[in-house]
Amino acid sequence: MVWLPFFCERLIMVTAVVMVGEGRSGQGPDAWVQEARRAAALDLLFQLSRQPLIERLVLVSPYEEGLERAPVDEYVCSDPGPIHVGRELAALTDRFGISRLLYFGGGSAPLLKDATLSAIVEQLAGAEQLVVTNNQFASDWVGLIPATAIDDWLPRLPRDNMLGWVLSSEAGLPVQAQQANAASRLDIDTPIDLLALRLHPDTKENLRQALDAMRLPLANLDAALTVLATPASHVFIAGRLGPSVWLAINKATRSWLRVVSEERGMVSSGRQERGEARSVIAAHIEAVGMRNYFEMLAEWSDAAFIDTRVLLAHHGRWPDPSSRFASDLGRVEQIDDEWLRAFTEEAVRAPIPVVLGGHGLMSGAMLAFCEIMESRPAVQSV
């Protein structure tokens, strides 16, 4: 039996909705990401089921594969493929009469702690109007009161990362955003997130079992983290790095950092779609050539972390996920895009560890790296 808090008579119960996309299909990195999302969603559903102020738990997915054991009250079978998140949530709100909504994407909270979740649910149960989210500017999960506020903003809410910003800044609801850390920022989106979670001490049971069964290549990342944790080492970081993550790196390491932060918000602002994204690093590579660039990088740095999506946007290229994910893992032979294949090949050949990835590498995964380093024995200076 779950006991309610003594103040429950002043609180109104919350409905939690977890949306999970495609099930495992094919082999390799694409399938690993899909499988990891479902394993993380299963952990989250069990976690939510232990919250006494959640009265209804709804799972939305086109397939139940890997989620059969989930302790849900309602299963809604969605259409395969991409969905319009705002319309889906509005339909659920109307169908189940939801007034207080807590929404999660399937891979959005793999490191969320029980105490943090309890505090979020209690906020939602006691407030009259509120948006609570992991990130106001690019949300992966959102708590909302009133849930019907979504109805007036449907054209602006095709994806969940717009929920926090639109409902707070445009709809005018008060917002409470979580402090930036691995638990609030790491969302399972690319293979680099899987590598980070494989090494993180707080990864939950079902997800850890799934990751343990994958053939994840950890050696390159481990080498880069060893360098990052070594005092007086030189580390290069390039991509959509925000100030909160930069601050976390500075607290976790005594390395000398060379940072190029560029094209933050290129997706949400529409710059990438309009072909306006520009990269100092990509322009430098064009000027000196890939081979010379990586030779120079190895002279200046002991390790490097590079957001390749900014470089691709600069060139107006956007390979399919299979190629992007293969690049993240250094699988040169599986990359179809000519430019990305050549870039990845030089990164793999470099005499220093070069870690490649997308936005997560500069956000949730990097925050996880900081926590991983703090959990390990100290490394002596070079």
Side-chain angles (χ1 to χ4, degrees), residues 11-21 41 44 48 51 53-60 76 78 82-109 112 116-181 183-187 189 240 242 244 264-270 273 359 363-364:
L11 303 177
I12 301 175
M13 303 290 273
V14 175
T15 294
V17 174
V18 177
M19 290 189 186
V20 191
L44 176 61
L48 289 164
Q51 291 294 322
L53 291 173
I54 292 181
E55 65 176 341
R56 184 189 293 113
L57 187 51
V58 181
L59 168 63
V60 180
V76 177
S78 58
I83 64 171
H84 190 290
V85 172
R87 292 197 185 101
E88 190 75 26
L89 288 175
L92 292 169
T93 297
D94 180 64
R95 175 176 174 179
F96 295 114
I98 300 171
S99 62
R100 295 165 189 263
L101 171 68
L102 180 55
Y103 157 80
F104 289 92
S108 65
L112 185 64
T116 304
L117 180 59
S118 294
I120 293 165
V121 174
E122 288 176 14
Q123 277 185 297
L124 288 171
E128 294 184 3
Q129 288 189 328
L130 181 64
V131 175
V132 58
T133 179
N134 67 307
N135 185 346
Q136 181 184 7
F137 305 101
S139 51
D140 302 304
W141 58 259
V142 168
L144 175 63
I145 305 167
T148 53
I150 293 174
D151 297 347
D152 296 329
W153 298 92
L154 291 183
R156 299 279 289 114
L157 301 173
R159 299 190 301 274
D160 55 12
N161 64 2
M162 301 168 178
L163 287 167
W165 176 255
V166 171
L167 293 172
S168 60
S169 296
E170 299 185 26
L173 295 174
V175 61
Q176 178 67 51
Q178 299 291 296
Q179 180 180 357
N181 53 36
S184 66
R185 293 292 194 268
L186 200 155
D187 173 45
D189 194 41
R240 291 163 287 176
S244 59
R264 293 181 65 212
M266 69 177 190
V267 176
S268 59
S269 69
E273 186 177 2
H359 180 262
S363 181

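Bear in mind that the values here come from a model prediction, so they are computed numbers and not experimental data.
- Between the OG1 atom of T93 and the CD atom of E88 there is a distance of 10.5 Å, given to the nearest 0.5 Å.
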- Test side-chain contact (heavy atoms from CB on, under 4.5 Å) on R56 and I98 and set out the steps. CA-CA 9 Å; R56 184 189 293 113; I98 300 171; 4.3 Å; yes

- Message: Show, in sequence, the C-alpha distance, side-chain angles and deciding distance for L48 and L102, and conclude whether the side-chain contact (heavy atoms from CB on, under 4.5 Å) test is met.
- Response: CA-CA 10 Å; L48 289 164; L102 180 55; 4.2 Å; yes

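- N134 places a side-chain N or O within 3.5 Å of a backbone atom of D140 that can act as its donor or acceptor partner.
- Once rounded to the nearest 0.5 Å, the distance linking CD of E122 with CG of L117 reads 10.0 Å.
- In this structure, R156 and P158 approach most closely via the heavy-atom pair C-CD, 3.2 Å.
- Around atom CD of E55, more than 12 heavy atoms belonging to other residues, nucleotides or ligands sit under 6.0 Å away.
- Among V14, L130, L53, the one residue that satisfies the side-chain contact (heavy atoms from CB on, under 4.5 Å) test with R100 is V14.
- Side-chain contact, T133 with Q178: no donor N or O sits under 3.5 Å from an acceptor N or O.
- The two residues A149 and L173 make their nearest non-hydrogen contact at CB-CD1, 4.0 Å.
- A distance of 8.0 Å separates OG in S78 from CE in M19, rounded to the nearest 0.5 Å.
- With hydrogens and angles left out, the side-chain atoms of N181 and S184 include a donor and acceptor closer than 3.5 Å.
- Residues D187 and G107 come closest through the heavy atom pair OD1-O, 2.9 Å.
- Minimum interatomic distance between I145 and A127 (heavy atoms only, all atoms of both residues): CD1-O, 3.7 Å.
- The shortest heavy-atom contact between S139 and L163 is OG-N, 3.5 Å.
- In this structure, CG on D160 lies 9.0 Å from CD1 on I83, to the nearest 0.5 angstrom.
- If you take CZ on R87 and CG on L92, they are separated by 14.0 Å, rounding to the nearest 0.5 Å.
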- Task: Evaluate the criterion side-chain contact (heavy atoms from CB on, under 4.5 Å) for residue pair L144 and Y103; output intermediate values, then yes/no.
- Result: CA-CA 8 Å; L144 175 63; Y103 157 80; over 6 Å; no

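- Among L57, L101, V76, the one residue that satisfies the side-chain contact (heavy atoms from CB on, under 4.5 Å) test with V17 is L101.
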- Task: Check the pair V20 / L59 against side-chain contact (heavy atoms from CB on, under 4.5 Å), numbers first and verdict last.
- Result: CA-CA 8 Å; V20 191; L59 168 63; 3.8 Å; yes

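- When side chains are defined from C-beta on, L157 does not count as touching V85, because their heavy atoms never get closer than 4.5 Å.
- Here the closest heavy-atom approach between residue W141 and residue A109 is recorded as CD1-CB, 4.4 Å.
- A donor-acceptor pair under 3.5 Å is formed between the side chain of S168 and the backbone N or O of G164.
- Put simply, CZ on R240 and OG on S363 are 10.0 Å apart, with the number rounded to the nearest 0.5 Å.
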